[in-house]
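See structure below.
Scope of the values below: all heavy atoms of this structure, side chains included, with no hydrogens, waters or symmetry mates. Counting starts at 1 for both ligands and their atoms, in listed order.
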Amino acid sequence: MELAKLLAMPALLALLLLYLHFMRRKIRNGPPGSSGWPIVGETFKFISAAREGTLVRFIQERMERYDSRVFKTSFLGDPMAVFCGTAGNKFLFSNENKNVQVWWPSSIKKLLRSSLVNKVGDEAKMTRRLLLTFLNPEILRNFVPKMDTIAQIHINTHWQGKEQVVVHSTVQKYTYALACSLFLSIEDPLHDSKFSSRFHRFLKGLVGFTINLPGTRFHQAMKAANEIREEIKKIIKQRKVDLEEKRASPSQDILSHLLATPDSNGRFLTEIEIMDNILLLLFAGHDTSRSTLSSLMRYLAQLPHVYNKVLAEQVEISRAKGEGESLQWEDVQKMKYSWNVASEVLRLSPPVTGAYREALKDFSYADYTIGKGWKLHWTTCSSHVDPRLFTNPEAFDASRFEGAGPAPYSYVPFGGGPRMCLGLEFARLEILVFMHHIVKQFKWDLVNPNEKFKYDPMLEPVNGLPVLLHPHH
Ligand code: HEM
């Protein structure tokens, strides 16, 4: 009897899910597309396209087959409209809190709990303002000398004297050390080796089904998130004492800032909110730039004329400085060509495939009706490789960013509108400071010149991108 019940349960569950799938409110005149299989929709096709490095094709095929402005799919159990091109980006970025609001798949919701990404409306505005009082250029400019020191220590420790380096795992040590230092004042190099495996497990379970059973990616990620939060909790406890006893300053890092500053309503974030936001910042603040630096190292190895121009710019900046003098914000402002190169890397190899919104009501878009509750997706690739927006889009051409730069809403590696990435300035500074030191000390060759990159869920080289180093003499 017990066995019969056990066998019947999955079948009943499947029937219930099928029923729910077909009873979903049908929208007349919705965008064309395919909902794929019941329940799972096109999730597996989407995830495997991302992991095989064919996501651009997945999106472009559907834009051609259905409609290049918007098409329907179904992802992680929800009907979803994918908004394409500049018009799609503009619509989603400028309709926050009107027709749409930010939304993330439930794996992200569960892992990042009460952090900013799961807040909407006024609560989100207040949390963003609070974080931006630390992450804005006026404050971050003071941290450039610190970033400079961290970059030099990193290169001396992990690159100097080596013939070969695996870029993706090595640059993580830099981006993570920087995030730990600026967000938590942790300077201990032993700390990051303990944390990197936890962040790896966390990242791998971030986008996918939320089946919390031992062995699943999501289960591993939940465990890792809890372990990281426990560590952050200990740091918060100690910091409270240090602030009380004036051993720590309220502006020394983002943790002190969050503990000491109320939002515009006079409310302080709770300890749980601080833990969740620090987890978000540590993850968003180091894995994205790590991906960018890995792609950058690949392009600089493949394109010697670009490498030479970056090197010339960086040497010129060094020449104007005294021996051993740290980089300052003003120096970073002079790295115009290097930033155009990094921007072109972010166009061709954006670390993030896009982000999500949810329809707050029924509305019309491009002659179709989008139903309330539908999930909406914008993607970096639908505009970044459009030949009408970027001539010869496959070619690496940093000059696209000279003058007025790309057309509005066509270049979106950081998203746009009121939910645009909060870390753009942080990322710009850390990428440029790293570029300054790495090109000045080395040239390098790719061990596997044809190594592929895949999204899992962020863009990464499939074999970690080993390079052969040639130090300048
Ligand atoms: C190259 C590096 C980076 C890229 C490409 C990137 C990209 C993105 C994208 C695409 C979004 C979603 C925007 C949207 O929903 O429209 C986002 C959100 C976010 N990013 Fe970044 N990011 C980068 C670096 C950083 C850094 C360094 C930090 C922290 C210091 C950071 C913190 C955040 C936060 C907190 C959000 C959520 C904003 C919100 O929900 O309102 N990011 N980022």
Electrostatic pair D253-R239, nearest N-O below 4.0 angstrom: yes
heavy-atom search around atom 37 (C) of ligand 1 in the protein gives V117 CG1, 3.9 Å
Test: E271 and K237 ion pair at under 4.0 Å: no
Below 4.0 Å from ligand 1: does a non-hydrogen atom of H286 turn up there or not? no
Charged N to carboxylate O below 4.0 Å: is that the case for E230 and R198? no
To the nearest 0.1 Å, how far is atom 20 (N) of ligand 1 from its closest protein heavy atom, and which atom is that? C421 SG, 3.2 Å
Is the closest basic N to carboxylate O distance between K45 and E61 below 4.0 Å? no
Under-4.0 Å heavy-atom contact with ligand 1, by part of K119 that carries it: neither
Got the closest protein heavy atom to atom 15 (O) of ligand 1, with its distance? R357 NH1, 3.0 Å
Which residue holds the protein heavy atom closest to atom 7 (C) of ligand 1, what is that atom called, and what is the gap in Å? P413 O, 3.4 Å
What is the closest protein heavy atom to atom 13 (C) of ligand 1, and at what distance does it sit? R419 O, 3.3 Å
When you measure from atom 1 (C) of ligand 1 to every protein heavy atom, which one gives the shortest distance, and what is it? T292 OG1, 3.3 Å
Does any N or O of ligand 1 fall below 3.5 Å from an N or O anywhere on W104, backbone included? no
Give the contacting part of W378 toward ligand 1: side chain, backbone, both or neither, where contact means a heavy-atom distance below 4.0 Å. side chain
Is a side-chain donor-acceptor pair under 3.5 Å present for T175 with E430? no
What atoms in ligand 1 come closer than 4.0 Å to a heavy atom of L116? 38 (C), 39 (C), 40 (O), 41 (O)
Is a donor from one side chain sitting under 3.5 angstrom from an acceptor on the other, for R62 and T73? no
For N99 and Y365, which I'm curious about, is there any donor-acceptor pair between the side chains at under 3.5 Å? no
Please work out, at 4.0 Å between heavy atoms, whether the side chain, the backbone, both, or neither of A355 comes within that distance of ligand 1. side chain
Which bit of A284 gets closer than 4.0 Å to ligand 1, counting heavy atoms only: side chain, backbone, both or neither? both
Heavy-atom nearest neighbour in the protein, as seen from atom 36 (C) of ligand 1, with distance rounded to 0.1 Å: L422 N, 4.3 Å
E430 N/O to ligand 1 N/O under 3.5 Å: no
Report, as yes or no, whether the 6.0 Å neighbourhood of atom CZ on R267 holds more than 12 heavy atoms from other residues, nucleotides or ligands. yes
Would you call R113 and E273 a salt bridge, using N to O less than 4.0 angstrom? no
Nearest non-hydrogen protein atom to atom 28 (C) of ligand 1, with distance, is G423 CA, 3.4 Å
Once you restrict to heavy atoms under 4.0 Å, what part of R128 touches ligand 1? Side chain, backbone, both or neither. side chain
Would you mind listing which atoms of ligand 1 come within a distance below 4.0 Å of any non-hydrogen atom of A427? 2 (C)
Would you mind running through ligand 1 and noting each atom that sits below 4.0 Å from a heavy atom of P351? 5 (C)
Aromatic centroids of F426 and F134 separated by under 6.0 Å: no
May I ask you to list the atoms of ligand 1 that are less than 4.0 angstrom from any heavy atom of F183? 30 (C)
Would F83 and H377 count as a close aromatic pair, with their ring centres under 6.0 Å? no
Are R57 and E52 within salt-bridge range, i.e. N to O under 4.0 Å? no
